[in-house]
Amino acid sequence: MLQLLQVHTKYGQVEALSGISLEVRGSSLVALLGANGAGKTTTLMSISGILKPSSGKILFQNKDLTQLDTRKIVDLGIIQCPEGRRIFGNLSVKENLRMGAIRRKDKRHLDQAFARVFEIFPLLKDRISQAGATLSGGEQQMLAMGRALMAEPQLLLLDEPSLGLAPIIVDTIFEVIQRLKREGVTILLVEQNAHLALEIADYAYVLEKGRIVLEGSGASLRSNPDVERSYLSEVPEENL
Amino acid sequence: MSAGEYLLQQILNAVSIGSLYALMAIGLSMVFGILRLINFAHGDLIMVGSYTTLLLLLGGTPFVWASLAGIAASTVAGLLMERFAYRPIRGAPDVAMLLTSFAVTIFLENLAIILFKATSRAFPVPALLNTVVSFGNLQIASLNIISILFTIILLFLLTLFVTNTETGISMRAASQDLVAARLMGINVNRVIAAAFAIGSFMAGVVGILWSAKVGKVDPLMGFSPVLKAFVASVIGGLGSIPSAVLGGYILGALEILLQGLLPANIAPFRDALVFLILILLLLFRPNGILGSAEKEKI
Amino acid sequence: MPTATTQTNHVLLEVKNLSKSFRGLMAVQNYHVRLVEGEILGIIGPNGAGKSTVFNLFTGHLRPTDGSIEFRNIDITNAPPEEIASLGIGRTFQNIRLFGSMSCLGNVIAALQMKERQNLLEAVLNLSRFREQEKRLESQALALLALFNLQEQVNAPALSLSYGDQRRLEIVRALALNPRLLLLDEPTAGMNPHESAEVIRLIKRIHDDYTLTIIIIEHNMPLVMKVCSRIQVLNYGEIIAEGTPEKVRNDPRVIESYLGRAG
Amino acid sequence: MKKTVLFLSAILVIFLISCGSSGGKTIKLGMLYNMTGSQASLDGPSANGAKLAAKEINAAGGVLGKQLELVSYDGKSDAETIGKAAAQLVEKDKVVAMFGFSDSDMVMAAAPIAAKAKIVFITSGATSPKLPSQVPDYLFLSCFGDNVQAAAAAEYSWNTLQAKSAYLLIDKGMEYTLLLGKYFKERFTELGGSVVLEDTYQTGDKDFSAQITKLKALKPAPDMLFISSGPDDIGTIVKQVRDAGITGPIFGGDGYDTPLLMQIAGKGANNVYYTTHSLMDKTAGSPEVQKFIAAYEAEYKTPPENAFAGLGYDTVYLLVDAMKRANSADPKKIREALQTTKDLPGVTGSITFAPGSPIPQKGVAIIEIQDDAMKLAAQVVPEKVPAP
Amino acid sequence: MKQDRSTTIVSLAGIGLAFLALWLLHAFGGYYIERIVIGVGINLILVISLNLANGFTGLFSLGHIGFMAIGAYASAILTLPLSLKSTNLPDLPSFLARTQMAFLPAVLIGGLIAMLVAFLIGLSLMRLTGPYISVATMGFLVIVQVVLTNWDSMTRGARTFAGVPEYTNVWNVWIWAMLVLYIVWRIKFSSFGRKMMAARDNEIAARSLGINVVASRLLAFCLSAFFTGVAGALWAHFITAFSPKSFYFSQTFSVVTMLVVGGLGSLSGSVVGVMLITLLSEILRNAERGFAIGPLVIPEVYGASQVIMAILFVLFIVFRPRGLLGDAELDVRKFFKREKEVAG
């Protein structure tokens, strides 16, 4: 479904991605692991078209995304739920969700999308007219995911959904991720919590300094001693 | 005129001039919210609109149509400004953007001098805008009433727009987090253009009202309003519409009250006092009255 | 200094009842620590537990809502960051904060120079004392950079360094302040295991060479266990466990709220 | 690096080429006005007037058998630029005399440079009577001093309008308005009048409601308003004063001499008086004035924008007259002839320089606007003029 | 950053060459060229001192022309001949009315007064950041403008302050310019400059090193105000007649443009910026009067030079948003080395 071929991306003067190649098959959940600064977020931002790769190709259903504008990429069914949630704090929950559906042409079915999001995250319905900034961290993460789901994406890019959340909320979020996967949404998950990610991932890539150093099925990586030592023994990292 | 009437008259004066400042400040503030650009050339949109109106009036167009065309011209000029001056430099350092807006100002003002000559020209105002309404001892020019009315109507419409339309909400979203807005697929170019269009539209309206109040137009007419709008939007807190409006009225009140109440030998220092108050305000509320403390995360 | 040896058991940092709330939300609650010179303390805990907030309170970047901080018997509870730094607390930041446009050398000299007052007139006249001072600063900075294997990047702007190098440069800069207490906020974040081990080794080395007292916020459990003499575990702004690595590792509350998944 | 050097040297070459001087068989007069910037609205009409005069003179055969050439630079309302332009006029263009500017700052940026080259500088619009003493021998005014017109205004107000009390509004941003207000007050109080309130504004202010409200609160109301203002602001002020229901006489100086006043204030302009050089009216003015207005309209498709147009026009004739009488275009002879100018008719009144005085003796015309028309109310020579 | 003998020699040689060029211009260039050269020198001081405040500390001041005005008025009042004082400034306080100073002390006092004012307002302004400091300093400019316009007894208000002795010449301007350039250069490569730039790059980190951010900004601001005041004084004795409106926004724009074109933080950039803008605006100013290329006659269009400059500036920002040199310096030695290689 999604293919990255030798993608190089610069972030400022520094090359953040030095030739990333990866593949995400339809209806699968692929995890992208790695330490801070390894290039995970840069990879997602390159796919979303916020950063333009200096070379290499990004193909989605055999269509080249490299030169496309972000909104055209959203039109194709790729949406990102960014790191740090980045919800619109001054907008109400409802308005935030509306922004997720902004590229949808069939506004008639918008109600269904709302209903689906509220079914997945019932908490959001109670907060519908509250400003995003007044939500708690966990609620904001739900809002950010709900916002992305409003676009009814084919491919969901999830950047660090567990970041800075209480374990109990992390569990909820991961249940939702698994549910989405069951419902056929293809997911590319960036996660520092390698345990969690590998538990649910079909396939995973490990990034280090802008390169892929390891890849394999979730299970095989979990039993890989290298991964065990450098990632599984580590606890999730904080990033304010 | 009793003391009470005197005060009331001055308050009326403050509200009517404050309305114009508020309308101007909105445009500056909306653009700043999204681009962090202080658009100095915003004032020149007033000039563009006023000259267009004037030329059409001289050609015999009825006032209403001429004004509408003037407002349209301001709007178009604002859009062109965004497209050709500000879009190419998006992401440049703040200073470079600020200076570019100075350059745009210099460009427009000198172009106007070349095209229309530097001398002022009378702006013919229809009688409707030129009468005086009396309430007892109070006199208020019909133009001031119309200015206040227009401001209320435009603010109402603008509020509807930013809370109810998709573009309006997108605009608020973009001013909050431009990257997240792009990730949702919001057409940032369109949103920015819309912000410019709305701001320029308001500037066009101010242009007509301002020219009617002053009675003439000249190529440099935009300088003083933009400076005022700048102060107004900073007083309120750059970047949001309600704070721009608040700032506009506070500035209006401040100017009128200082001019009206200060003894004659201190009154000439009015503008200095206004800016002194602005600086003091910034020290205690570094992000304006309504501005949220944008504290950097550590 | 003859007193140095006798001071080893002196209390360097004494924090009592420290609390900080943001808009009613308690980020840190009743935090306390008594740090003896020469100790290496580790602070661990899940995200949002308030670890970085504790550092920011120590260094004056945040003002506590309640409680007191004493450093070298001086009350620094409400002191500004620059004063605290000059008293001898150096730190690094979780999200790296370098002087991006300046060279590595410049970054380090900016810290080194804080110990040597320069005179504006001497600098302007380029007097020999000033030139010698500059030369000395430069050679000291070069030595420090070499210690952390940054000698190749001496003249490169800090912004152009790789993530790991930036982290190391930040540690060098904090060290250049010649602090009594060094606060390291996730010094190995974003490094591969090999690099992390190297950094930890260096931390131990500077601890020994400079008789430094260090507090480390880390997620890398094995490394924390290896290097720290004492560990505090924070959760929701409160200390839930404290003690030697072994004790902490076996504390049921820690296992439940923090180590559970990893264990 | 190398590109930069190459680029810079290319620019230098172009620069040196553009500096090349041009020679010719014409008599060159240096004309310095601010065509852009804050002073442009005052200076533009003067430049037009001067060009019109030069065109007429050349059409009539020129001076001393040669064509007149006005070499002009834009001062850009900036003293540094003006200094450079004046130096160019002296060195490169080798003009025989210079004129221009309506503001004493600008005059002072150019006149000393002319004087250094022993060339006269005539200011067409700066009316400060103190000005010529700053550049002895080489700086002339082609208009009367502010003290003269202010005295005329005060005397007319006291004697003819029977005004005993006056309200004063002064633009604090211009030398002209400051001096005019000061001299008026001096002469008016000397005559026995009282100034009940003195208020101020800054050039370019657009909203005068606060001042007007203060004025309306005055009890009893003053007999007259003396508003010392430049041509760009006066229409707006009169309009806003009248809009507030104040109908009394408004008096001012030659800054009022612009069609803008009546265009902006409309009916409000009635009962306005001002002192100026001559009645600038297409139908009621003198034959010279009528001819001038017609020619100006034909050339520029607009009536003269303000009094400065006529002053610029007269200034060129003043210089040409001096050259003709000297029968030479030698700067020194021009200066000598200029000093003996006598009864030279012009659209802004006839010009005579008294021996030793670089300020012409001109009568002051008092214009009155009533029934939507301007008329010459009086031609006054003030009895007593305040010292400069 | 390294300091060795060859740099000193190169700098000395550069200064020598500059003065030789000045002498040539002075001897053969005439009055017009001389005025340009003086103008460039004054602008150089203005831009370099603005760079010290804006480029090194990152606080973008739009109010520096206010300091220029203070320096200009102060030194003009101090040097005005006594005879003119009694007629033009009759209300001066008596100690000033009786003083007529020489050029150098007057210039220094002008600079010092500007510096004192900068210190007083800087104590509070230096705590602001981002666009707010620009607004506040712009406010300062307006305040200076209003005060000068209304302080009749000292400044004659809006009336022209004329009769200032014409003391400024190519030599004293360029000695000052070289001096300012040298001093600011030394500051850039000393602990003071590093503190300023550290605080600019990351305020929080700078404070955590013990750098007193407000103090180091204040130092930059005050020194910069001093040099700006000096430039104002030199300008006053160059133009000799001015009024408060000579020191306002159009002056501000032109100086800031030169700074930004050269590059914020780069001193050699400032030098290049001043020269480039001066040359370009002179060319355009002469060209807008109309010219003929063969049969093609371009008529005079006043204002065209500003229009073209504005377009060029926007284009420039599009292609070089950080100015010609960013905050790097031209390395003379490198330049010579490469030349040698080419030659060899």
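Reminder, nothing fancy here: chain letters follow the sequence lines and each chain counts from 1. No hydrogens, no waters, no symmetry mates; every other heavy atom, side chains included, goes into these values.
- A cation-pi contact, defined as under 6.0 Å to the ring centre and within 45° of the axis, is absent between A/K40 and A/Y205.
- Side chain to side chain, B/S240 and B/S243 meet the donor-acceptor criterion of an N or O pair below 3.5 Å.
- For the pair B/G43 and B/V226, the tightest heavy-atom approach, listed with the atom from each and the gap, is N-CG2, 3.5 Å.
- Among B/N187, B/I186, B/V179, B/V188, the residue with the largest count of heavy-atom pairs under 4.5 Å with chain A is B/N187.
- Within residues 46-57 of chain A, the residues approaching chain B closer than 4.5 Å by heavy atoms are, in numerical order, A/S48, A/G49, A/I50.
- Salt-bridge formation is not detected for the pair A/R85/A/E139: no Lys NZ or Arg NE/NH1/NH2 atom is positioned less than 4.0 Å from an Asp or Glu carboxylate oxygen.
- Looking only at atom types and distance, the side chain of B/N39 has no donor-acceptor partner in the side chain of B/S101 under 3.5 Å away.
- Only the backbone of B/N164 has a heavy atom closer than 4.5 Å to any heavy atom of chain A.
- Taking the six-membered ring wherever Trp is involved, the centroid distance between the rings of B/F230 and B/F40 falls below 6.0 Å.
- Here B/A181 is the residue among B/A174, B/S175, B/A181 with the most heavy-atom pairs under 4.5 Å with chain A.
- Between chain B and the residues A/M99, A/Q80, A/R103, A/M150, the most heavy-atom pairs under 4.5 angstrom are made by A/M99.
- With respect to B/I208, the side chain to side chain contact (heavy atoms under 4.5 Å, CB included) criterion is satisfied by exactly one of B/I71, B/I46, B/L68: B/I71.
- A cation-pi contact, defined as under 6.0 Å to the ring centre and within 45° of the axis, links A/R147 to A/F88.
- Of the atoms belonging to A/M45, it is side-chain heavy atoms, and not backbone ones, that fall under 4.5 Å from chain B.
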